[in-house]
Number of protein chains: 2
Amino acid sequence: MNPDLSILTIAGSDSSGGAGVQADLKTITSFGCYGASVITALTAQNTLGVQAVHPCPPDFIEQQVISVLEDIPIHSIKTGMLYDAQIIQVIVRALKTHANKVPPLVCDPVCVSTSGDTLLQPEALGALIKELFPMTTLLTPNIPEAVALLSHTGQSIQINSLENMATAAEKLLGYGCRAVLLKGGHLAVKMADVQRLSRDLGPRVSIIRYGLTAENTEILRAGGGVPPVDLLVADILHEGRTVTLFIRPHINSKNTHGTGCTLSAALACELARSSNIIEAIKSATAYVHRGIEAAPRIGMGYGPLNHIHSVTRVPLSKPSLRNPYPLTTYFIENSQDVWKAYVQHDFVIQLGKGVLDKKSFVHFITQDYHYLKYYARAYGFLAAKSTNFSAITDAAETVLDIIREIQTHKLFCDSFGVSAEELEKIQESTTTTAYGAFILDMGLQGDDTKLFMAVIACLLGYGEVGLWLKSEAAKENSWVVLEGNPYKEWIDVYSGPHYQAAVRKGLGIIEKRAMADPPSAARLMDWLAVWIRCTELEKRFWDMAMDISW
Amino acid sequence: MNPDLSILTIAGSDSSGGAGVQADLKTITSFGCYGASVITALTAQNTLGVQAVHPCPPDFIEQQVISVLEDIPIHSIKTGMLYDAQIIQVIVRALKTHANKVPPLVCDPVCVSTSGDTLLQPEALGALIKELFPMTTLLTPNIPEAVALLSHTGQSIQINSLENMATAAEKLLGYGCRAVLLKGGHLAVKMADVQRLSRDLGPRVSIIRYGLTAENTEILRAGGGVPPVDLLVADILHEGRTVTLFIRPHINSKNTHGTGCTLSAALACELARSSNIIEAIKSATAYVHRGIEAAPRIGMGYGPLNHIHSVTRVPLSKPSLRNPYPLTTYFIENSQDVWKAYVQHDFVIQLGKGVLDKKSFVHFITQDYHYLKYYARAYGFLAAKSTNFSAITDAAETVLDIIREIQTHKLFCDSFGVSAEELEKIQESTTTTAYGAFILDMGLQGDDTKLFMAVIACLLGYGEVGLWLKSEAAKENSWVVLEGNPYKEWIDVYSGPHYQAAVRKGLGIIEKRAMADPPSAARLMDWLAVWIRCTELEKRFWDMAMDISW
């Protein structure tokens with residue numbers, strides 16, 4: 001998505017939303033760009049036809065062009081319905097005067113609607129040819145438009161074959177545009193026609209296929225997919241020295257309202273990104289083809305195509321300056337009660353006050369010793385599941401960090417009267433096993449990211465507890481007592497710079513993973529379930545310590 | 001995405017694309033709905049202001065409403081800039097006459113643009129109140145609009161506190177709309193204000209928060225995220241008996257062009273889906289908030305928000321009648337050369353002709369015996385990685401299918417002179433180990449779906465080979481010889497109904513997985529890499545058989 005890439009459409013308005021600036025804006029939005037629009041004429045229209053046209057005053061059209069160009073950097077332009085000669089003239093004048101440099105311009109020489117209504121006054125063809133085509137990067141007529149444009153300058157031609165199409169495209173190029181894409185939607189052809197033209201034109205011609213997986217797909221046909229392709233649509237791109245045929249299956253559909261508008265808007269989006277015309281046409285024709293395939297049932301006549309077949313809503317924002325941790329924020333917002341029950345557990349509060357029963361603390365650290373064995377193994381598992389050295393290194397370093405944490409544990413235990421030997425002999429509680437084994441199960445079930453989601457609640461929760469106790473302690477008359485608190489060292493460790501650096505690193509990693517491979521709604525729910533389960537298990541771990549349960 | 005859900009916007013056009021029908025269509029598209037539009041007036045406008053206005057003739061506006069309503073079933077309507085009293089009258093008349101039943105209607109009583117320009121003639125307020133409000137489901141004024149609307153009927157009020165806002169919202173409800181959402185964007189408040197109002201209004205009021213994860217998020221603040229929230233924006237929903245406050249952090253931003261248009265369009269989309277006004281407002285206000293957070297830098301004045309922050313392009317179409325296997329089609333289209341080298345391998349061709357060296361075939365089936373041990377284990381691994389009984393059952397049944405395939409293998413081997421005892425003793429080739437261990441590694445690295453992608457190339461490829469040989473054999477004077485072919489039984493097995501049913505089932509599973517958890521671009525590339533690697537390894541397996549290499 002490139003919301004900074006601005007595309008300007010100069011076209012008519014279609015009240016029914018399937019064509020005109022409406023189709024253009026939908027297309028531009030689906031291509032992830034920003035759309036501005038100059039409306040040349042309004043139509044009262046639906047899928048059955050055009051009921052009324054209200055052309056805008058030329059000077060008002062000119063003002064729209066000026067308002068846009070003087071404020072918004074435009075990366076490409078498409079023109080659609082221009083209605084009459086005077087409108088064409090003011091637009092060309094405004095573009096020449098107010099654009100520092102005219103960006104790539106796709107001209108869709110709209111003459112007649114899909115329903116058969118006139119959208120360009122016949123006398124305006126001359127203005128189109130003389131004024132607009134010389135500044136056009138890519139001209140996109142359909143067959144009737146090509147015939148009308150050529151006969152206007154006395155080059156009458158009948159177009160009923162690919163050969164005629166190629167000839168017409170070459171003649172249209174003579175009007176001065178950089179390239180012509182003559183659209184073959186009105187002429188269904190067969191593969192033999194394509195092969196014949198390809199043979200005749202020789203090495204000048206290339207063929208680009210879409211949706212024609214004819215070879216080695218017996219299994220798809222056997223499964224009821226990919227109906228045998230007989231009729232094709234071929235668009236011909238003429239760039240002077242080279243000719244490119246874009247072929248794809250012909251779709252028998254009434255959902256063709258606004259296909260020309262949509263194609264040219266899609267082309268403008270692609271040309272705003274890159275000057276590669278062939279790649280632009282590949283992408284734009286595929287977009288329109290899939291839009292017809294997936295068309296909704298709207299209206300009683302020539303219905304619109306589906307402009308949103310290739311986009312989906314994402315459940316998570318991207319990180320931004322104002323919201324750098326959208327995933328973690330999502331986790332915490334969607335687990336508020338259990339997260340609070342974990343990080344503000346009675347165990348934590350009594351520990352902060354220094355009044356926690358030593359037996360509970362000993363039970364906690366001795367079980368934590370067992371838990372950390374699982375936790376270290378989980379990072380070993382993560383190393384095994386990682387596919388690049390950087391991730392393998394991170395995981396292995398974390399294993400070693402945990403081993404170091406175990407040394408601190410042993411000292412803690414020792415100072416609370418549990419020797420290293422006794423520690424090894426202490427039985428593992430059910431809660432410890434449940435939590436440790438759950439994490440390893442996430443590694444078995446899922447990919448490296450899911451395993452990471454399982455280890456993060458522990459990392460972040462202890463970080464939160466450490467910071468919370470520290471910040472509470474700093475308040476006047478605080479309930480948190482550090483001086484003389486037997487658990488002061490524990491608080492210092494988890495609020496300290498070393499542990500907090502690990503927290504920030506962990507936060508960074510999960511956010512980065514969610515950005516590099518954005519989760520679907522289903523996957524995000526799966527991650528959230530892991531987060532919530534681990535948060536619950538953390539809470540139960542402290543319940544266990546308080547109850548001295550096994 | 002609901003491309004069948006049609007939303008009609010009746011509003012002005014903003015050439016710069018940030019407000020008006022342009023913002024509405026972008027919003028409707030981002031919400032996955034279909035947008036139609038009736039344009040009441042055109043503006044030549046940019047982020048700095050409105051340079052010119054061209055109101056449309058009232059009878060032409062009426063015709064637009066009629067064209068849309070008579071052809072397209074509309075699920076909700078929003079109104080924006082209506083410009084003058086006559087326009088309001090023709091619209092209300094057309095809605096009453098041509099809609100069987102007026103769907104949910106969100107009225108954004110646009111009076112003045114963000115840049116300060118007049119968008120509604122002052123004398124039109126009466127028509128708005130008298131004609132449109134009684135058919136309005138949800139009225140969405142901002143504070144200046146609320147003041148203007150109330151003073152028009154002599155109910156002058158100053159709005160400078162939440163209390164005033166609540167009073168104003170209640171008074172506005174008196175105009176006959178079902179609910180009023182008074183937007184607080186012009187009045188930054190503090191949490192204490194919210195608490196005070198909440199206390200005063202008692203149980204009638206509920207508070208809905210967004211973006212206010214104040215509690216238990218020390219780690220996020222320490223990491224530089226979530227700046228402390230001081231100022232809030234509060235919108236007040238008044239439904240007569242109940243009042244709901246929607247609070248969120250105030251964003252200090254100039255990207256507020258078109259926020260009102262966007263909000264009301266988003267509300268219309270939500271109300272087309274469900275009549276739950278509170279859920280609709282939660283979703284729509286969050287959409288606008290995130291749109292401001294993620295705003296692009298466009299224009300020199302009050303810039304637009306980002307309408308596409310919550311959508312992304314998907315690399316894969318959904319299955320449709322015309323394209324039931326988009327994922328498999330994607331795999332085959334993006335691996336054509338290697339896929340062909342696999343399924344039309346010389347080994348296959350010689351096997352079809354019946355001329356394949358028996359030594360090669362024996363090498364193949366004896367190595368395949370070893371390979372199938374990995375393959376069975378891979379499905380065992382898949383069972384272990386599955387989280388529901390249906391998937392566990394499928395995987396276990398496949399293990400047993402493979403065990404049965406091994407019996408066929410033993411018979412083949414026996415008929416080619418390799419006894420069961422000899423078979424066990426035959427050494428495993430490097431290629432067999434590479435392929436088998438690669439599949440298991442995918443199970444170690446990834447989730448169940450990634451492992452499935454690793455087992456599918458074998459399943460589908462053998463199915464393709466079987467069908468291809470069978471269909472070639474059916475042609476006249478075919479190069480494939482079945483009669484007297486020593487490998488006829490092998491061909492029969494893989495083209496037979498039992499194996500082909502497994503192929504169709506496998507196809508269905510990968511397509512279903514891709515639909516239930518749509519892959520990001522990165523994940524799709526990862527799956528494709530697995531598919532290509534397995535396809536290569538299949539090809540090498542037959543190379544190995546031809547060369548009798550180890």
Side-chain angles (χ1 to χ4, degrees), chain A residues 1 3-4 13 15-17 25-26 29 35-36 39 44 46-47 51-52 54 60 63-64 67-68 71-72 213 216 218-220 223 225 290 293-294 296 299 306 308 310-314 317 320 322 324-325 329 333 340 343 385 445-447 463-464 467-468 503-504 507 517-518 520 522-523, chain B residues 1 3-4 13 15-17 25-26 29 35-36 39 44 46-47 51-52 54 60 63-64 67-68 71-72 213 216 218-220 223 225 290 293-294 296 299 306 308 310-314 317 320 322 324-325 329 333 340 343 385 445-447 463-464 467-468 503-504 507 517-518 520 522-523:
Chain A
M1 308 305 270
D4 294 296
S13 155
S15 54
S16 75
L25 290 166
K26 290 174 185 184
T29 302
I39 294 180
N46 55 33
T47 68
Q51 286 81 39
H54 171 72
F60 182 78
Q63 179 59 56
Q64 289 181 77
S67 292
V68 173
D71 187 36
I72 298 171
T213 42
N216 313 123
E218 300 274 346
I219 41 168
L220 299 187
R290 287 166 62 180
E293 271 185 353
N306 183 342
I308 52 176
S310 63
V311 292
T312 192
R313 300 203 74 186
V314 288
S317 310
S320 66
R322 292 183 199 271
Y325 304 119
T329 303
E333 279 188 351
K340 185 172 184 170
V343 298
K385 293 173 77 71
Q445 275 182 28
D447 58 10
E464 179 66 25
L467 285 185
W468 182 56
V503 168
R504 276 197 300 283
L507 274 177
D517 178 11
S520 66
R523 191 166 291 264
Chain B
M1 310 304 269
D4 295 295
S13 156
S15 54
S16 75
L25 290 166
K26 290 174 185 184
T29 302
I39 294 180
N46 54 33
T47 68
Q51 287 80 41
H54 172 73
F60 182 78
Q63 180 59 56
Q64 290 181 76
S67 292
V68 173
D71 187 36
I72 297 171
T213 41
N216 314 123
E218 301 275 345
I219 42 169
L220 300 186
R290 288 166 62 180
E293 271 186 354
N306 182 342
I308 52 178
S310 63
V311 292
T312 192
R313 298 204 74 188
V314 287
S317 309
S320 66
R322 293 182 199 272
Y325 303 119
T329 304
E333 278 187 352
K340 186 172 183 170
V343 298
K385 291 172 79 70
Q445 275 183 29
D447 58 10
E464 180 66 24
L467 285 186
W468 182 56
V503 168
R504 275 197 299 282
L507 275 176
D517 179 12
S520 67
R523 190 165 292 263

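Here is the naming used below: chain letters follow the sequence lines, and residue numbers restart at 1 for every chain. Predicted model only: the values in this text are computed from it and were never measured.
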All side chain to side chain donor-acceptor pair (under 3.5 Å) counterparts of A:Ser15, not counting sequence neighbours:
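With sequence neighbours excluded, A:Ser15 shows a side chain to side chain donor-acceptor pair (under 3.5 Å) to no residue whatsoever.
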Top contributor to chain A contacts, counting heavy-atom pairs under 4.5 Å, from [options]:
options                              : result
B:Ser67, B:Pro518, B:Gly299, B:Gly17 : B:Ser67
B:Val343, B:Asn46, B:Asp71           : B:Asp71
B:Ile39, B:Asp517, B:Ile72, B:Leu25  : B:Asp517
B:Thr47, B:Leu467, B:Val68, B:Val314 : B:Val314
B:Ile308, B:Asn306, B:Val503         : B:Ile308
B:Gln63, B:Glu464, B:Gln445          : B:Glu464

So which of A:Gly35, A:Ala36, A:Ser310, A:Ser317 has the biggest tally of heavy-atom pairs under 4.5 Å with chain B?
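With the most close heavy-atom pairs to chain B, the winner is A:Ser310.
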Under 4.5 Å, counting heavy-atom pairs only, tell me which of A:Ala294, A:Ala522, A:Ala52 racks up the most with chain B.
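Maximum pair count with chain B is reached by A:Ala52.
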Could you look at B:Ser13 and say if it's the side chain, the backbone, both or neither that has a heavy atom under 4.5 Å from chain A?
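For B:Ser13, the side chain is the part near chain A, not the backbone.
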Chain A heavy atoms under 4.5 Å from B:Arg523: which part of the residue, side chain, backbone, both or neither?
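For B:Arg523, heavy atoms of backbone and side chain both lie under 4.5 Å from chain A.
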Provide the closest heavy-atom pair for A:Lys26 versus B:Thr29 in the form atom of the first, atom of the second, distance.
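Minimum heavy-atom contact is CG-OG1, 3.4 Å.
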Tell me whether the rings of B:His54 and A:His54 are parallel (<30°), tilted (30 to 60°) or perpendicular (>60°).
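Rings of B:His54 and A:His54: parallel, under 30°.
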Do B:Thr312 and A:Val311 come close enough that some side-chain heavy atom pair is under 4.5 Å?
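They are not in contact (no side-chain heavy atoms under 4.5 Å apart), so the answer is no.
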Between A:Arg290 and chain B, which part of the residue has a heavy atom less than 4.5 Å away: side chain, backbone, both or neither?
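It is the side chain, since no backbone atom gets that close.
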Salt bridge between B:Asp447 and A:Lys385, side-chain N to carboxylate O under 4.0 Å?
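Salt bridge flag = no for A:Lys385 with B:Asp447.
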Would you check, one step at a time, whether the test side-chain contact (heavy atoms from CB on, under 4.5 Å) holds for B:Leu220 with A:Thr329?
CA-CA 8 Å; B:Leu220 300 186; A:Thr329 303; 3.7 Å; yes
Nearest-0.5 Å distance, CZ of residue A:Arg313 to OG of residue A:Ser520
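Answer rounded to 0.5 Å: 15.0 Å.
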Calculate, to the nearest 0.5 Å, the distance between atoms OH and CZ belonging to B:Tyr325 and B:Arg504 respectively.
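Separation between the atoms: 7.5 Å.
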